[in-house]
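Single-structure report; data block below.
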Amino acid sequence: MFTATEAVVRRRKAWGAKLGQFRKDKFLYLLALPGILFFILFHYIPMYGVLIAFKKYSVYKGFMGSEWIGLDNFKTLFSTFGFERALRNTIIISLYQLIFAFPVPIILSILLNELRHALFKKFVQTVVYLPHFVSWVVIAGIMFAILSPNTGILNEIARFFGFETPNLMVSKAYFRGLLVVSNIWKEAGFGTVLYLATLVTIDDQLYEASKMDGANKWRQIWHITLPGLRTTVVILLIFRVGSILNAGLDQVFALYNPQVYEVSEILDTFIYKIAFENARYDLATASGVFKSIVGLVLVICVNWIAKKIDSESGII
Amino acid sequence: MKPTKGENIFHFLVVIFFIIASFCTLYPFWHVLMYAISDPKASMGGGLFFLPRGFSLYSFELMLQTKGIFQSYVNSLFRLIVGTFIALLFTAMLAYPLSVRRFAGRNTITMLIFFTMLFNGGLIPNYLLIKQLGMLNTLWALIIPGAISAWNLFIMKNFFQSIPPELEESANIDGASPARTLFSIILPISMPVMAAVALFYGVAHWNSYFDAIVYISDPKKQVLQVFLRGMMNVGSLSEVKDVDSMAASSGTVTEESIKMATIVMSVLPMLIVYPFLQKYYVKGVLVGSVKG
């Protein structure tokens with residue numbers, strides 16, 4: 001049994017030890033200080049700044065001087081022309097990307113893993129990573145060149161076979177498809193990096209043993225490779241679902257044009273417009289807050305579900 | 001074990017698949033390059049498949065005379081070099097203490113940083129902060145707020161953690177300060193991860209444009225990607241005044257060619273650096289991202 005004084009002495013000693021450790025490591029803290037200040041200044045202060053969403057923001061009165069108006073901005077926002085459309089487009093584009101683009105790197109990495117010639121494998125990897133390092137602006141330029149109805153190579157081929165293609169870049173029917181295809185072209189290869197890193201951790205003996213038991217390629221992939229990738233897939237899936245309201249600002253902003261606003265105006269471009277074209281900082285912030293909260297809630301939910309299914313997986 | 005017949009067929013199909021995939025990935029770049037080095041008048045008719053039509057560097061010549069392009073290129077290079085250096089330095093300085101196990105409070109700090117990956121203030125609070133700090137219309141607005149990316153920080157931290165702690169302890173006993181330990185012991189053996197993270201930061205700096213659109217309104221301080229975007233969107237070079245007189249004779253013929261030449265020039269720095277860093281980053285990311 002401890003007496004009260006003994007407990008106090010122990011606690012003091014623990015604190016003393018901590019303080020001593022702190023003193024001994026003060027240079028370590030000093031080294032970390034700029035980074036910690038960075039996160040406070042550029043991440044936590046803007047989080048505090050979201051309070052603008054609950055104020056009637058006036059540039060003249062500033063952040064402190066503007067008056068509180070509760071949830072009025074959100075009410076206005078939800079009835080603002082274009083918000084519903086932006087929200088709908090964001091979700092549709094994100095779901096397309098999730099369904100069609102998300103699985104591609106998984107399939108690619110499984111196939112890459114099957115390549116036997118080290119040199120050819122290296123060549124393929126170098127090639128498929130490449131588009132990741134090019135900006136969306138450049139890719140937009142390349143796409144304009146290839147898809148152009150006059151001089152574009154695609155139309156040239158189509159014409160050879162006797163039909164005409166519409167101008168895809170300004171076509172409402174095809175634009176979202178174009179977003180998905182170009183996203184796969186740019187990012188699918190690089191998306192394999194993490195999966196390949198996971199694949200090298202799978203024990204080769206598992207494959208040998210399964211071959212002994214007469215398993216063919218499909219069974220090996222199904223029973224060894226895919227389960228081996230599961231944790232990585234789940235982590236990336238949680239992040240992807242959590243950012244469902246991020247439909248790819250860089251991509252959309254580079255590719256879209258007035259003819260296709262109807263199908264491609266997303267929340268991010270909408271926020272940009274109400275902020276800098278209509279000067280409604282409060283509404284734009286409210287829209288951003290809405291986006292962030294939905295994302296956060298989704299991450300927590302999906303993470304919770306993932307943990308229910310398999311306690312080992314999840315990000316938190 | 002010898003591969004079975006079925007496996008050989010499977011492997012053959014996979015090889016064919018990757019040959020096609022590689023072609024589809026490379027061809028668009030090739031097409032743009034061929035367009036850029038073709039004779040602008042000849043390429044107007046389209047139908048450029050594998051070889052240039054005629055050969056001319058006229059598009060490049062015109063591009064170099066385009067008003068503002070040189071300045072934006074210099075701005076982008078400044079952003080790339082200074083931005084990557086600052087980012088590497090700041091990230092390593094925080095990643096290292098967070099990788100030391102006895103560092104009190106490291107879990108709390110790590111959690112708080114991780115949280116920033118899930119929730120952020122969004123466009124406007126960030127914009128107002130940059131404005132308050134007086135960084136609007138400076139290249140610093142593109143460099144400082146991105147000095148540490150949580151993602152890269154964790155990759156680096158995990159890599160540092162994979163280094164045997166004895167190394168750090170012995171340096172400690174010899175009286176080396178943490179800064180000295182970091183710079184003369186840890187960093188030299190962390191080249192793979194440093195190269196990988198440098199590549200990630202570098203590519204991000206070179207390719208970003210949305211932040212430049214938001215924070216920079218002075219055309220003299222604009223970066224190359226924004227300049228390029230303006231070029232693509234305008235759909236006509238009439239805004240780029242100096243070119244007008246030169247291209248007037250050939251009309252819109254040269255317009256596409258100049259765009260292609262600009263694209264080639266914009267991709268160039270990446271293509272030069274990429275092969276050198278390529279071998280490092282898979283290794284760097286591998287150790288840094290897979291928790292062992």
Side-chain angles (χ1 to χ4, degrees), chain A residues 18 21-22 25 27-28 31-32 34-36 38-39 42-43 45-47 49-50 52 111 114-116 124 126-128 130-131 133-135 137-138 140-142 144-146 150-151 153 156 193-194 197-198 201 208 211 216-217 249-250 253-254 271-272 275 281 284-285 288-289 292 296 299, chain B residues 1 6-7 10-11 14 17-18 21-22 25-26 28 31-32 35 46-47 49 90 93-94 96-97 100 102-104 109 113 116 118-126 128-129 145 147-148 177-179 182 203 207 209-210 225 228-229 232 259-260 263 266-267 270 274 278 282 285-286 289-290:
Chain A
K18 257 191 192 161
Q21 189 66 43
F22 183 80
D25 284 335
F27 288 114
L28 212 52
L31 202 59
I36 293 169
F38 169 86
F39 275 96
F42 288 105
H43 288 274
I45 287 181
M47 280 186 209
V50 302
I52 290 170
L111 294 180
E114 295 296 335
L115 286 180
R116 289 178 206 148
V124 171
T126 308
V127 169
V128 295
L130 198 61
F133 297 99
V134 175
S135 77
V137 177
V138 164
I142 297 177
F144 271 113
I146 287 178
N150 304 321
T151 58
I153 193 96
E156 207 84 35
V193 172
L194 277 180
T198 314
T201 63
E208 294 291 324
K211 265 175 88 174
N216 63 25
K217 266 282 161 248
L249 172 64
D250 268 18
F253 208 67
I271 292 172
Y272 173 79
Y281 288 169
T285 311
V289 170
S292 290
L296 189 63
V299 167
Chain B
M1 247 162 100
E7 278 180 356
F10 176 78
H11 185 252
V14 172
F17 168 79
F18 277 117
S22 301
T25 312
L26 286 181
H31 181 75
V32 168
Y35 211 123
F49 284 94
F90 272 59
M93 276 166 63
L94 183 57
Y96 172 61
V100 178
R102 60 163 198 282
F103 186 71
I109 296 169
I113 292 171
T116 65
L118 304 178
F119 190 85
N120 62 67
L123 182 68
I124 303 307
N126 279 305
L128 292 175
L129 175 69
I148 304 177
S177 71
L182 170 64
V203 168
N207 288 340
Y209 68 96
F210 189 74
Q225 301 296 339
L228 202 60
R229 184 170 174 272
M232 305 294 166
K259 281 185 196 170
M260 296 306 129
I263 289 177
S266 141
V267 177
M270 237 53 264
Y274 174 65
Q278 204 248 29
V282 174
V285 173
L286 201 147
S289 60
V290 181

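Here is the naming used below: chain letters follow the sequence lines, and residue numbers restart at 1 for every chain.
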Part of Leu118(B) within contact of chain A (heavy atom distance under 4.5 Å):
both

Heavy-atom distances under 4.5 Å only: say whether Ala21(B) touches chain A with side chain, backbone, both or neither.
neither

Validation row: Asn120(B), Ser292(A) side chains within 4.5 angstrom (heavy atoms)
yes

Between Val32(B), Ile263(B), Ile148(B), Val100(B), which shows the greatest number of heavy-atom pairs under 4.5 Å with chain A?
Ile148(B)

Does any part of the side chain of Phe133(A), heavy atoms only, come nearer than 4.5 Å to the side chain of Val267(B), both counted from C-beta?
no

Locate the shortest heavy-atom distance separating Thr25(B) from Val127(A); write the atom from each residue and the value.
CG2-O, 3.5 Å

Do Thr285(A) and Pro125(B) come close enough that some side-chain heavy atom pair is under 4.5 Å?
yes

Test side chain to side chain contact (heavy atoms under 4.5 Å, CB included) applied to Gln225(B) and Val138(A), step by step
CA-CA 8 Å; Gln225(B) 301 296 339; Val138(A) 164; 4.1 Å; yes

Leading residue by heavy atom contact count with chain A [cutoff under 4.5 Å; candidates Pro145(B), Gly122(B), Gly121(B), Ala104(B)]
Pro145(B)

So how far is it from Asn126(B) CG to His43(A) NE2, rounded to the nearest 0.5 Å?
8.0 Å

How far apart are the closest heavy atoms of Met260(B) and Gly141(A), and which atoms are they?
CE-O, 4.0 Å

Between Tyr209(B) and chain A, with a heavy-atom cut-off of 4.5 Å, which part of the residue counts as in contact: side chain, backbone, both or neither?
side chain

Heavy-atom pair of closest approach, residues Pro178(B) and Leu28(A)
CB-CD1, 3.4 Å

Over all atoms of both residues, closest heavy-atom pair of Glu7(B) and Arg116(A):
O-NH2, 3.4 Å

Region of Leu123(B) in contact with chain A, defined by heavy-atom distances below 4.5 Å
side chain

Select, from Val128(A), Asn216(A), Ile271(A), Leu115(A), the one with the greatest count of heavy-atom pairs under 4.5 Å involving chain B.
Leu115(A)

At a 4.5 Å cut-off on heavy atoms, which part of Leu31(A) comes close to chain B: side chain, backbone, both, or neither?
both

Looking only at heavy atoms, which two atoms of Thr126(A) and Tyr274(B) are closest? And how far apart?
O-OH, 2.8 Å

Toward chain B, the part of Tyr281(A) with a non-hydrogen atom under 4.5 Å
both

In Å and rounded to the nearest 0.5 Å, what is the CZ to CD1 distance from Phe39(A) to Ile109(B)?
11.0 Å

Turns out that what part of Met93(B) lies under 4.5 Å from chain A's heavy atoms comes down to both

For the residue pair Leu128(B) and Ile52(A), establish whether any side-chain heavy-atom pair is separated by less than 4.5 Å.
yes

Using a cut-off of under 4.5 Å on heavy-atom pairs, state which of Tyr272(A), Phe144(A), Phe27(A) scores highest against chain B.
Tyr272(A)

Kindly indicate, with the supporting measurements, whether the criterion side chain to side chain contact (heavy atoms under 4.5 Å, CB included) is fulfilled by Leu26(B) and Leu130(A).
CA-CA 9 Å; Leu26(B) 286 181; Leu130(A) 198 61; 4.1 Å; yes

Contact origin within Ser177(B) toward chain A - heavy atom pairs under 4.5 Å:
neither

Looking at every heavy atom in both Ile124(B) and Ala284(A), which two are closest together, and how far apart are they?
CG1-CB, 3.6 Å

Which region of Phe10(B), side chain (C-beta onward) or backbone (N, CA, C, O), has a non-hydrogen atom less than 4.5 Å from a non-hydrogen atom of chain A, or is it both or neither?
side chain

What part of Leu129(B) lies closer than 4.5 angstrom to a heavy atom of chain A: side chain, backbone, both or neither?
side chain

Expected output: side-chain Arg229(B) to main-chain Phe253(A) donor-acceptor under 3.5 Å:
yes

Under a 4.5 Å heavy-atom cut-off, does chain B meet the side chain of Asp250(A), its backbone, both or neither?
both

Run the ring-centre check on Phe38(A) versus Phe90(B) and record whether the distance is less than 6.0 Å.
no

With chain B, which of Gly288(A), Ala32(A), Ala145(A) has the greatest number of heavy-atom pairs at distances under 4.5 Å?
Ala32(A)

